[in-house]
K.L.:
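Mind having a look at this structure? Questions to follow.
Throughout, a chain's letter reflects where its sequence line sits, starting with A, and its residues are numbered from 1. Excluded from the calculations below are hydrogen atoms, water molecules and symmetry mates; all remaining heavy atoms, backbone and side chain alike, are included. Computed from a predicted structure; not experimentally measured.
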Amino acid sequence: MPELPEVETVRRSLLPVILDKPIASVDVYYERILQHITPRKFKEQITGRRILDLARRGKYLIFHLENHLDLVAHLRMTGRLIYYSDAAIAMAKHTSVIFGFASGGNLRFEDVRKFGTLDLVTSGEYEQIKGLHSLGVEPLSEAFTVEHLQNLIQDRSTKIKGLLLDQTKIAGMGNIYADESLFMARIHPERPANSLSSLEVQSLHLAIKDVLQDAIVGQGTTLRDYRTGYGREGSFQNKLQIYGKKGEKCPRCGVDLEYKKVAGRTSHFCPACQREQRS
DNA sequence: AAAACCGCCTGTCGGC
DNA sequence: TGCCGACAGGCGGTTT
């Protein structure tokens with residue numbers, strides 16, 4: 001579900017409404033959301049702490065709290081973090097945690113499939129959060145250059161789609177934006193990474209940046225569960241070129257689109273625009 | 001190093 | 001209508 005653009009949208013939408021607010025109460029309705037900590041300790045440590053900032057790294061959200069604490073959230077497949085200005089609004093069926101504020105509003109972690117996680121660690125000490133600790137480059141940062149992508153691709157014969165989904169290489173890409181980026185760059189998802197020409201690497205680099213940036217502008221893609229921090233749907237589902245377009249025609253060339261499992265994930269592509277063998 | 005599984009959960013959809 | 005399996009945007013762990 002939420003990939004980099006969705007998580008970034010949640011960050012931007014929540015920040016203004018939670019900044020500087022002390023967490024007045026914590027209610028845990030699904031204990032297994034908490035990693036490496038009991039509900040009792042969790043409540044004890046964060047109650048009364050103000051939220052100093054909200055950051056994002058890959059698909060992780062990091063709430064910087066007073067007392068050198070970082071509250072690290074991952075939404076996985078169906079998680080939502082929504083601010084409710086009216087605390088009296090009935091709790092959704094699959095609500096895992098509610099953080100209450102003295103001002104009256106609250107922040108709720110809702111999660112149908114319950115794969116989402118919360119970690120509480122000392123500021124910057126992410127060793128126990130393996131996925132966060134081992135994240136690769138931020139694709140929208142200046143560090144993600146064509147040369148950086150070229151180096152990731154160099155000497156790897158793995159399928160390019162699998163590499164794009166590997167969070168230790170590039171942080172925040174998921175199935176939707178990997179397919180959209182490969183389509184934009186006209187690269188077949190099963191191409192061995194090291195078979196890409198330098199021109200193709202350049203075009204993939206540009207496509208990744210463009211797709212992610214445009215999706216943030218569109219406030220993310222709502223296919224079913226994803227919502228922004230104020231509970232609204234994103235709009236980028238209306239701009240998808242290929243993801244989920246099974247049975248439709250390629251918007252670029254009109255050929256019937258195809259889909260198949262690549263690197264364990266359903267992958268959409270145009271067999272004409274994204275050829276497996278370069279001719 | 002990488003690929004192929006499974007598990008974690010619930011909901012939805014298609015086929016019969 | 002009901003049942004049943006396949007499948008869903010993610011990731012950690014184990015085995016091959």
K.L.:
My understanding is that a pair needs two contacts under 3.5 Å, Watson-Crick or G-U wobble. By that rule, which nucleotide pairs with dG2(C)?
P.N.:
dC16(B)

K.L.:
With nearest nucleotide decided by heavy atoms, which residue, Y30(A) or G162(A), maps closer to the 5′ end of DNA chain B?
P.N.:
G162(A)

K.L.:
For a quick test of reading the model: is some side-chain N or O of H94(A) closer than 4.0 Å to OP1 or OP2 of dG11(B)?
P.N.:
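Answer yes for this pair, as a side-chain N or O of H94(A) is under 4.0 Å from OP1 or OP2.
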
K.L.:
Starting at the 5' end of DNA chain B, which residue's closest nucleotide do you reach first, D155(A) or R76(A)?
P.N.:
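Mapping each residue to its closest nucleotide by heavy atoms, the 5'-most match is D155(A).
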
K.L.:
Taking the six-membered ring for Trp and the single ring otherwise, decide whether the centroids of H268(A) and Y243(A) are under 6.0 Å apart.
P.N.:
yes

K.L.:
Just checking, is any N or O donor in the side chain of Y177(A) or T221(A) under 3.5 Å from an acceptor N or O on the other one?
P.N.:
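Yes, T221(A) and Y177(A) have a side-chain donor paired with an acceptor closer than 3.5 Å.
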
K.L.:
Under the side-chain hydrogen bond (donor to acceptor under 3.5 Å, both in side chains) test against D119(A), which residue among H74(A), Q128(A), Q35(A) passes?
P.N.:
Q128(A)

K.L.:
Rounding to an integer number of Å, can you tell me how far K261(A) NZ sits from dA4(B) P?
P.N.:
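Atom NZ in K261(A) sits about 12 Å away from atom P in dA4(B).
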
K.L.:
Return the nearest nucleotide to the side chain of R224(A); candidates are dT12(B), dG12(C), dA2(B).
P.N.:
dT12(B)

K.L.:
When you measure from the side chain of K114(A), which nucleotide among dC11(C), dT10(B), dC8(B) comes out closest?
P.N.:
dT10(B)

K.L.:
Assign each of I129(A) and I176(A) to its nearest nucleotide of DNA chain C by heavy atoms, then name whichever residue's nucleotide is nearer the 5' end.
P.N.:
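Here I176(A) is the residue nearer the 5' end.
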
K.L.:
Under 5.5 Å between ring centres and under 30° between planes: does that hold for F115(A) against the base of dC11(C)?
P.N.:
no

K.L.:
Measure OH/Y243(A) against C1'/dG9(C) and give the value in whole Å, please.
P.N.:
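Whole-Å distance recorded here is 6 Å.
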
K.L.:
Would you indicate, yes or no, if dG9(C) has its OP1 or OP2 atom less than 4.0 angstrom from a side-chain nitrogen or oxygen of Y226(A)?
P.N.:
no

